[in-house]
Amino acid sequence: MTAVTASFVLRRATAFLEDALSNLEVRRRALTAARHRLPSPADPSTLHALSLLSETLDPSAAAATSAAYAAAAATNPSSLSALLLAISLALRRRHADAARSLIEVFVLDPAAARADIAPELFEELFLPHLFPAVRWFAERRSRILSSLEEGRPAAAAMTLLSRMSDGQAAELRELENTYEGVMDENSKVYAGYLKELLRSGDGISPPELVLPTVNGVEEDVDEMEDEEIGREEIGSTNGRFNPIWAEADNSTEFSDGQINKGQCSYTRAPSLYPQRVPPQLFRQPSTESIDNRTNIISDVGQAFSSAENSDESSSDLEPDMVEEDKKKPFFKPKIEYQSQKQTSMNSTCFSSIDLSMIDDDKFLASSKQAPPKDFVCPITSNLFDDPVTLETGQTYERRAIQEWLERGNMTCPITRQKLHGAKLPKTNYVLKRLIASWREENAYSIATPSLRSPSPEITQPNPPKRSPSPTSVITQACVDGTTGDLRLAINTLCTSDVLSEAETAVLQIERLWRETGAEPQLVSALSKPSVVNGFVEILFNSIDLQVLRTSVFLLSELASMDKLVIQTLTSVDSDVECMVALFKKGLAEAVVLIYLLHPSWERLLEMDIVEALLMVLKIGEDDSSNSCLKPKTAAILLLQQILASDDKISTEVVDAIISEGVFESIIQSLAADMEEVRMAVIRIIVRCMEVDGSCRHMIAGKAKLEIILENFATVGDMERFEIVRFLFELVKLDRRTYNERLLHIIKDGGKFSTMHALVVYLQTALQDQSPIIAGLLLQLDILVEPRKSSIYREEAIDALISCLRNPDINNSQLLAAETIVSLQGRFSSSGESVTRESLLKRARVKKRNRPIKGSDQIDDNSEENLEDDKVTDDWERKMAYALVSHEFGLLFEALAEGLKSEQREFFSACLVSASWLTYMLSILPDTGLRGAARVCLLKHFVLVFKSANDADDKALAMLALSSFMNDSEGMHDLTFHIKDIIKTLRELKKSYVLANEMLKHLCRGQESCMLEMWNHQVLAQVDCSLHGEVLSIAYFKNRIISGHSDGTVKVWGSGEKLLHQIQETREHTKAVTSLAVLQSGKKLFSGSVDKSVRVWSLHDGRINCMEFHDTKDQVHSLNISNNMACFIPQGAGVKVLTWNGASRLLNPNKSVKCLSLVQGKLYCGCSDNSIQEIDLATGTLDTIQTGSKKLLAKANPINALQVQDGLLYSASSPLDGAAVKIWNASNYSPMGSLPSILEVRCMTISSELIYLGSKSGVVEVWSKDKLSRVGTLQIGSNCKVQCMTVINDELLVVGTSDGKLQLNLYEV
C-alpha cells in the first residue's frame, strides 16, 4: 500500500475540522462522544482547552499565548481536551497544529475516536493501513458462523444469536475483544506515525501492522490490494462491530491491555450504530444445477429484518453470483430496494419477468420511502412500536432492549455506558406519535418479527403464501390489471422491431404512469436497465415529437426516483450525447434529464449547451408540464454550474446572457419555489455583476428583494453569505439616491429585522466573510441614526478593524480595506468604487494626457447629478463620522498598520481609506479626532509623500497632509519634515493645484524656508555678441524673439531644444530698442532707432514683415494697443502714433525714461523720479509720485514700470532705501516696497515672483506675496541686464549688454 503524504493528512484533517465547525450535527456528535469519555472531575488539560476555545470564539479576546497552548496539552490530556484544542487551532487557521491535535485523539482514546468522534477521518487515514486486521476479523468470524447448522436461513440478528450455542457465543465474544484490542493498539501506533509525518514531512516509513498471536504464533494474513477488497464485503466501514455479540455475563468495560499468548484485554469500542452481519458470511455454495437457482434478496437489512424470507433466500447461490454481488455499488436506503432485489431470469427478454410472483403487500411496504433512521431500532432494524429512551440518550424497541438486559448485559448497546438499573423507563410517546404520523403520510406497513422465537415461516422449508385480507383482494385486482397492461407494454418496448409499436408502448406506459400515480411497483419495473435502454432507443430512432417528449418525461421521472436509472443512462456516452443533441434541436424537456444526470462542469462545457440553455430561459416557463422539474429550473441550475467554472468561460457566458436578453427572465426566478433555484439565481446574478457591472440597474429595478430577505432566515451559513454578498454588490449603483432606496428596502423589506439577523450572523461568520457582512450592516445602520452609536455599528466596525489587523488571513485584510473604501458611496456605472478618483479630483489635478479612471462619472455636472451629488456628500459625511468616531479613532491605528504592508493592493486600499478619512476631518467638526489621526498617520503620510513611486499615491498623501495644515499643532509637526515636503511639492506643482497652495501656505510666515523652497536652474545660454547688445526680448507664438543693437531680429526655439536659432533677419538698419506683442497675440511690433515701427507675423515658425510705419523719430520703450502705438522719442515727452499716420506729443515737459500702457491708460516714469498717469481717451494727466527738483541732488530716474493685478510697480536706484515701490493703480496709495540695494535697469513680473535686473549683471528674485527676496541670479560679471521677459510663468529669458541670451528656470 502506498504511504500517505503529509499534505494528504493535513488536507483530510483540515476538511474534517472545517466540517465540524460548519456542521452542527458532526460537531455535536464528536464533542458528545468525547465528553462521555471525560473523567470526573474534569482534568486540568480539558479546562485549559475550554478556556482557550472560549478566547478563540470571543472576538474581543486577545490572541492566546504559547503558554496557553502548552497548558491545553498539559499532563494527563484527554480526548476532549485534544479535540477542543484542535477546534481552537482550526479557528485560528493554524491548520498543521490543529491536525496534530486532532490525530492525538486517536492516541488518547482510539476506540472512541474511530467509532464516534471522528469515524470519517478514521476511514480516510487509518482504515487503509488497518484493513488487513479488518479482513482477519471477517475471516475468523466467518469460520465461527460457518459451524451453524446447515439449511438454516439468514434471519434477524437477535434470532441468530438465540440459536447459537454457549461455546459459539463465547468464541465470538473473545474474537471481538481481540479485534478491538488490535485496532486500538495499531491505531495508536499509526496515529503517532501520522503526527511525526506532519511534523517532519514526507520520507518516513509507516509502521508495520501488529496482528494478534494465538499460543505464540502470529496469524498469517495475506496482503490484498485496495481495489481487490470491497469494504462492503465485511460489513464495516470504520472498524466497528455489532453490539448484539456483546458479552452476556461480564461487564463490557475493560482496561487497556496487550495481546499476550492468546489472551487479550482491550477497551471495547462503542459503535455509532449497530452493524449487521453481511449475508455473504452465511451463504454456502450450492451443489445444485444452475437451472435450479432461486431468487435471492441481497439487501443486508432486509435479510435480517424480514420474517418472511424463505430458506432458499440464504442458500443455493452460485460462486459467480457471489462475485457479482461483491461488485454491486451501495446506494442510499430510499432506493436500496430497487438496486438490491434480484430475480432469476431464464431469458434476456423482459417479458419473462413475472411481476405477479411478488407479494404485493410486501412489495408495496418495502418500496415506500425508507423511514428516518431515528424511527428505526438499532437492534431490530425495524420501525419502533414501543420506543424507550435510556439514560444514555439512546432509544430502543422495548422488547429488544429487555431481552438485552435479561441476557445479563448492564450497558447501553450503542454507547457502552453502564446503566444504573435494569428497570426500563416509560414509553417515549412523543417519538411514537411522530412515527404514527409518518406511517400515515407514507403508507408504511411492515410486520415486526418476534425477537424471542423465529417466525413460523422461517422454520418451514417451503412456507405457503399468505391469504390476502378482504380489502387487499380489491387492491390486488386493480394491481393485477395494471400489471398485465404494463407487462405487455414493457415487452413491446423492449422486444418489438417495429418503431410504431414501440412508440405506442411508450405512450401507453405514460398513461399507466399518470393513472397509477407512479406507484413504487411501477417505478421498480420501469427502472430495469432493459426498459431504460428501450426508452433510449426511442430517443435515437423516433421523430414523433410527442413520443420523444414522453420518453424524456418518463426517464426524468425515473431518474429523480432511482439512481440506478442514472447509472444506466450514464454508462454509455452515446446515450448522453443523444439527449444533448435532442436538447440542442429544441426539445426543451431534455434539459431536465441532462440535469438529473449530474454532469460535471467539464462535461457541460464539452456539451456546448449554453445557447440552448439561454433559449429555454428566453421562452420561459411551461405551466402545462407535470415533470419533476421545470425546464427553466433545470436550465438555471445547469447555467449556474457552468458559471462556477473557469473565469474566462464564465465571462463569455455572461456576455451571452446579457446580449441574448434573458437576464430579466433569470431575475424573475428569484421568486422560484425551490430554495436551490433561488440560490442558483443569486450566484448567476453576482457573477454577472462581476463581469458587467452595468446590469445592476436592471437587477435593482426587477428583483424582488423581499423574497430573498425572507429566505435569509432559512438557509445555511454559506447560502447566507451569498445572499449578503449579492445585496452588498447590488448597492453599488452610480446614483446614491438609488442606493439608499435599495438599502431602505433591505432594512424594512423582510418579515424580520434584517439588521438583527446580520449582526447575529456576523458574530459566527468566517473572518474572510466578515468584511462584506459588516459593510452591509454598517450601511443599514447609517440610515437609522447617523449621529448616534448602536450595537450594530460597533459590531460592524469592530469586525472591520479585526480583519485589518489579522495578517494570517490576507484575503480578509484586503476585503476589509476595500470595504472601507467603498463605504464612501461613490461608484462608476460599472459598480467600481471611484473613491480614489474623487480624492485626486479634490487635489485639483491639472490637465493630464490620460483621463482618470472613473472621471467620466465624477466630472458630470449635469442638473440630474447635482441633486445626487448633494445626497452623496451628505452620505459621505455621515459615514466618515461613524468610522472615525468609533472608539476615538481606533480605525486610524489599524490603517496605520496597513500602510506598513508590502502587499501592494492592501497598501493602496489602506492609503485611499486613510487619506479619505483624514481629509474628511477637515470638513467635520473638530472633536479632537484630528490629533488622533495626526499621531497615528502623519509620519506614514510623509513617508509615502516623499518616497512613493506612484504620483497618484503622492497626491493622496498630499491631500491628507493638507488637512493637518489647518491647525497649529499640525503645522508644528509638519515643520520637522519641511524640506522633504517642499521638495516633493515642487515635483507635483505642475500636476496639482493643491501643491502650489500648500507651498504658499508652508512658506507663509516661514522666512527661514523661503530661500530653500525656490530652485534655480540655467537651462540654456547663447552668445550673440556678433550682433551687439541684446536690447529687447519678446515671446510670440511659442517663439523667443530678440532685438539687437545692430538692427538684427532673431527667432529662437523654445521646445525640446531650447534657444536654438530658427531665423535671423535685418529689416531694421539700426538698433532694435523695443519688441511688443499685441494683446490678442496675433502680431509682433518692433521699434528701432532708425525711426520706424515694423509689424511682423509668424508662419511656419518664421517671422515676416507685414507693415512698415515711419515714426519720424527714434523709438524707445514701445507700447502697443489695437489702434495706436506709444513710444519715447529722442527728446522730451511721449509720442502717440495712430496707424493712419497721425501723431501727437504728450507730457512734453518731462523727460520720460519708461512707459507702461494698460487699458487705455499710459503710465510714465521720468528722469526726475516722478510718475504720471495719462488717460489717452481724455488726455488728462495725474501725478502718482512727484519728482525731485533739487539742482544738486543726484539723479534717480524711474527705469522700469510694470502694472499687474491692479498694482503699479516702479523701479529705480535705491537712493531712498527702496529700489522698487508699489502703488495702488486706482487711488495711487502706496502698497509696499522692495528694499533692494541694486540699481534696477529692467523689471518683469510673474504670478508669484518679481525679477529685478541691474547694471551689475545680477538679477534679484522677490516673492510677490511676501515682498521678500527669495534668490539672486548672477547673469554675468562685466555686463548690464538690458531686458527680461517671463514665459508661461516659469521660464525667465534675460538679455545682457555683452550680447548674451540666457534661459533660466526658477521654481518652487
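Side chains are part of it too, since the values below use all heavy atoms of this structure and drop only hydrogens, waters and symmetry mates.
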Checklist entry - Measuring from Leu198:CG to His95:NE2, what's the distance to the nearest 0.5 Å? => result 13.0 Å
Checklist entry - What distance separates Tyr396 OH from Leu424 CG, expressed to the nearest 0.5 Å? => result 11.5 Å
Item to check | Glu391 side-chain N/O to His420 backbone N/O, donor-acceptor pair under 3.5 Å | outcome: yes
Item to check | For Leu108 against Ser79, the heavy-atom pair lying closest together | outcome: CD1-N, 3.9 Å
Checklist entry - Distance from Phe8 atom CZ to Arg11 atom CZ, nearest 0.5 Å? => result 7.0 Å
Checklist entry - Below 4.5 Å, heavy atoms only, C-beta onward: do Val105 and Leu80 meet side chain to side chain? => result no
Checklist entry - Within a strict 4.5 Å, meaning less than it, do heavy atoms of the Glu123 and Glu120 side chains meet? => result no
Next on the checklist: Could you go through Leu31 and Ile87, starting from their C-alpha distance and side-chain angles, then the distance that decides it, and tell me whether this counts as side chain to side chain contact (heavy atoms under 4.5 Å, CB included)?
Outcome noted: CA-CA 10 Å; Leu31 291 174; Ile87 293 175; 4.2 Å; yes
Checklist entry - Do the side chains of Asp374 and Thr395 get nearer than 4.5 Å, heavy atoms only? => result no
Next on the checklist: Nearest 0.5 Å, please: how far is CG in Leu434 from CZ in Phe384?
Outcome noted: 12.0 Å
Checklist entry - Checking Trp404 side chain against Thr411 main chain: does a donor-acceptor pair fall under 3.5 Å? => result yes
Checklist entry - Is a side-chain N or O of Ser81 found less than 3.5 angstrom from the main chain of Ser78, in a donor-acceptor match? => result yes
Checklist entry - Do the side chain of Arg398 and the main chain of Pro425 share a donor and acceptor less than 3.5 angstrom apart? => result yes
Checklist entry - So, Arg27 side chain and Leu21 main chain: donor-acceptor pair closer than 3.5 Å or not? => result yes
Item to check | From CD (Gln402) to CZ (Arg399), nearest 0.5 Å | outcome: 12.0 Å
Checklist entry - Do Ser22 and Asp717 have side chains that get closer than 4.5 Å, going by heavy atoms? => result no
Next on the checklist: Can a donor-acceptor pair be found, under 3.5 Å and without considering hydrogens, that links the side chain of Thr178 to the backbone of Glu174?
Outcome noted: yes
Next on the checklist: Given 3.5 Å as the limit, does a donor-acceptor pair link the side chain of Asn186 with the main chain of Val210, or not?
Outcome noted: yes
Checklist entry - Does the side chain of Cys377 come within less than 4.5 Å of Asp385's, by heavy atoms? => result no
Next on the checklist: I want to know whether Phe106 and Phe126 have ring centres closer than 6.0 Å.
Outcome noted: yes
Checklist entry - Within the distance-only criterion (no hydrogens, no angle test), does the side chain of Gln394 pair as donor or acceptor with the backbone N or O of Thr415 below 3.5 angstrom? => result no
Item to check | From CA spacing to verdict: side chain to side chain contact (heavy atoms under 4.5 Å, CB included), Arg93, Leu766 | outcome: CA-CA 11 Å; Arg93 300 302 187 208; Leu766 298 177; 3.8 Å; yes
Next on the checklist: Rounded to the nearest 0.5 Å, what separates atom CD1 in Ile414 from atom CD1 in Ile379?
Outcome noted: 7.5 Å
Checklist entry - Between Val9 and Leu125, is a side chain to side chain contact (heavy atoms under 4.5 Å, CB included) present by the stated rule, with each step listed? => result CA-CA 7 Å; Val9 176; Leu125 294 183; 4.1 Å; yes
Checklist entry - Mind checking whether Ile401 and Val388 have side chains closer than 4.5 Å, heavy atoms only? => result yes
Checklist entry - Backbone N or O of Met183 within a donor-acceptor pair of the Ser187 side chain at under 3.5 Å? => result yes
Checklist entry - Given Asp808 and Arg94, is the side chain to side chain contact (heavy atoms under 4.5 Å, CB included) satisfied, shown in steps? => result CA-CA 9 Å; Asp808 296 333; Arg94 295 180 56 176; over 6 Å; no
Item to check | Closest non-hydrogen atom pair between Gly192 and Val107, with its separation | outcome: N-CG2, 4.2 Å
Checklist entry - What are the two closest heavy atoms between Ala13 and Leu102, and how far apart are they? => result O-CD2, 4.0 Å
Next on the checklist: Regarding Arg135 and Glu139, does a basic nitrogen lie under 4.0 Å from an acidic carboxylate oxygen?
Outcome noted: yes
Checklist entry - Do the ring planes of Tyr190 and Tyr193 sit parallel (below 30°), tilted (30 to 60°) or perpendicular (above 60°)? => result tilted
